[in-house]
Amino acid sequence: MKVLVINCGSSSLKYQLIDMENEQVLAKGNYERIGQKNSFVTHKVAGEKYVIEHPVSSHKEAFEIMLEQLQHKDYGVIKDLNEINAIGHRIPHGTDMFDKSVLITDEVIAEIEKTTELAPIHNPPTINGIKACKEIMPGKPMVAVFDTAFHHTIPEERYIYPVPYKYYEKYKMRKYGFHGTSHRYVSARVAELVGKPVTELKTIVCHLGQGASLCAVLNGESVDTSMGFTPVAGIPMCARSGDLDPSIVTFLMRKEGLTPDEIDTILNKESGVLGISGISPDFRDIEKAADEGNERAVLARKSYCYLVAQYIAKYGVSMNGIDVIAFTAGIGENQINIRKMICENLEWLGVKIDLEKNNCRGEEVEISTPDSKIKVWIVPTNEELVIARDTKQIVEKL
Ligand code: ADP
């Protein structure tokens, strides 16, 4: 079975075609700047990269060009579209409606459309993607995989916010958590790597990318996570604030005469390490500036590592212990010094890392020393594979 995995952002379409016989990626790519004059797709096959500049005004047009690449006469990986057996879609927000992946029907599309009130930026592009696929490949089975689904096991007393209960009833205002597909993959993979059943492990997954969240995974289930009602909550991120004293929001709005949209922009796009350093949202730039002695870059880096470590300790409380800490995503997989600094804050817990083993990027490797009380691993995430596996499992039963 060949599964096409689709991940639509507001101006992007990421895709992978995976052969599920051996879970091999046949081709993958990213269409960027959809809706702008300079849109282009970067298509990768067997280590070769093809950049095709082709302006497109919608996800549907991007989808058509992407399908042409998959069938290209020189570097195509399929002869015709019948070779694609199913499509798996990543959906950022499943609200409290979806606790697992589902086959996409008209009813499911209508339900996902209802979620846009809670995810106005993230869910509409994915609905566009589903509709485009439906038009271009009618009848092709499609599966929706939700970033929030893995967190449905978080108990009520941990997802409820201490504000008047009527707002939970009125607006479904509660912790949802995100990056669930990544947390699920990494926690299951780390169990394989340490050679223990996932049902016997207390793992903290640190998904540190542009957006970042931690998840406490107890016996294979999410029991707490750092993102909340929205993906701004939790640890500070590249440009998102993470947790704040809530009164800072109203204080700033009054003092600076800000509208709700303006304060949203500040908290989502101008905060985090970018906000503190004033340099960049990219940790590569922060590291360089900090190493050159830029004081605010040093401050941003210290604050980030302190707050991530503090969350890790917090999740020790959520699980009554910690067996494994796993780092993943852009920063978690690649930023050697950030991992080191986070772990230094956890020495009191008996965390010890081997600096030589830690000196690597993007590899599956244990970086803790044999006498460390908690194992520390780097596990590159693979959300696309989880989406493809769920899609296969659901479509096989049809
Ligand atoms: P997203 O949340 O958009 O998927 P990523 O997981 O790709 O983001 O993380 C992006 C961040 O990861 C960048 O800001 C950068 O700091 C870091 N990063 C990504 N690749 C590398 C690399 N090769 N070396 C060092 N840092 C990297």
Side-chain angles (χ1 to χ4, degrees), residues 5-16 28-33 42 44 49 90-93 119 121-122 125-126 145 147-148 177-186 205-215 225-227 230-242 268-291 294 297 300-305 307-308 326-342 358-365 367 378-387:
V5 176
I6 298 290
N7 178 1
C8 287
S10 55
S11 63
S12 69
L13 188 167
K14 290 189 190 137
Y15 59 90
Q16 282 195 10
K28 64 178 176 181
N30 187 10
Y31 221 121
E32 294 175 65
R33 301 184 187 154
T42 311
K44 292 182 187 163
K49 189 165 118 180
R90 172 185 175 237
I91 315 287
H93 207 323
I121 302 167
H122 295 97
T126 66
V145 180
D147 263 11
T148 42
F178 300 88
H179 295 137
T181 313
S182 175
H183 291 308
R184 187 174 135 204
Y185 172 81
V186 173
V205 181
C206 307
H207 178 111
L208 309 179
Q210 261 195 81
S213 69
L214 265 62
C215 185
T225 191
S226 59
M227 281 180 169
T230 73
V232 194
I235 56 169
M237 300 169 222
C238 291
R240 293 180 220 165
S241 66
N268 279 282
K269 300 196 170 146
E270 297 169 14
S271 298
V273 289
L274 166 67
I276 296 179
S277 70
I279 292 173
S280 163
D282 193 310
F283 256 96
R284 286 167 282 207
D285 303 330
I286 303 291
E287 280 285 90
K288 186 166 176 288
D291 291 344
N294 182 297
R301 184 168 74 173
K302 262 196 195 162
S303 156
Y304 182 86
C305 296
L307 289 165
V308 173
F327 288 103
T328 195
I331 296 157
E333 291 168 28
N334 296 299
Q335 289 286 347
I336 297 162
N337 188 44
I338 297 297
R339 284 193 301 258
K340 173 174 161 274
M341 286 179 64
I342 293 169
N358 184 44
N359 194 16
C360 70
R361 298 175 201 276
E363 284 171 41
E364 252 177 9
V365 57
I367 59 170
I378 305 169
V379 180
T381 193
N382 197 341
E383 290 155 290
E384 291 79 10
L385 184 58
V386 177
I387 296 171

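Reckoned from all heavy atoms, side chains included, excluding hydrogens, waters and symmetry mates. Indexing begins at 1, ligand by ligand and atom by atom, following the structure's order.
Looking at I338 and E287, their side chains come closer than 4.5 Å, going by heavy atoms from C-beta outward. For the pair R184/V386, a side-chain contact is recorded, criterion being any heavy-atom separation below 4.5 Å from C-beta on.
Of all atoms in ligand 1, numbered sequentially from 1 with element shown, those under 4.0 Å from a heavy atom of R361 are 24 (N), 25 (C). Atoms of ligand 1 lying under 4.0 Å from at least one heavy atom of I331, given by number and element, are 11 (C), 12 (O), 16 (O), 17 (C). Proximity to A329 (heavy-atom distance under 4.0 Å) selects the following atoms of ligand 1: 6 (O). Less than 4.0 angstrom separates some heavy atom of G211 from each of these atoms of ligand 1: 2 (O).
Looking only at protein heavy atoms, the nearest one to atom 16 (O) of ligand 1 is F283 N, 2.9 Å. Looking only at heavy atoms of the protein, atom 25 (C) of ligand 1 is closest to Q335 NE2, 3.2 Å. N334 CG, 3.7 Å is the protein heavy atom nearest to atom 23 (N) of ligand 1.
When D282, V273, D285 are checked for heavy-atom proximity to atom 13 (C) of ligand 1, D282 turns out nearest. The nearest non-hydrogen atom to atom 17 (C) of ligand 1, considering only G362, G330, S280, comes from G330. Comparing E333, R284, Q210 against atom 21 (C) of ligand 1, the shortest heavy-atom distance belongs to R284.
The aromatic rings of H179 and H207 lie parallel to each other, with less than 30° between the two planes, well short of the 60° mark.
Counting only heavy atoms, the protein never gets under 4.0 Å from atom 4 (O) of ligand 1.
Side-chain atoms of R240 do not come within 3.5 Å of backbone N or O of A233 as any donor-acceptor pair. Side-chain atoms of T328 come within 3.5 Å of backbone N or O of T381 as a donor-acceptor pair.
Taking the charged nitrogens against the carboxylate oxygens, D291 and R301 do have a contact shorter than 4.0 Å, which makes a salt bridge.
Shown here for A289 and A297, the closest heavy-atom pair between the two residues is CB-CB, 3.8 Å. Considering all non-hydrogen atoms of both residues, N358 and I336 come closest at ND2-O, 3.1 Å.
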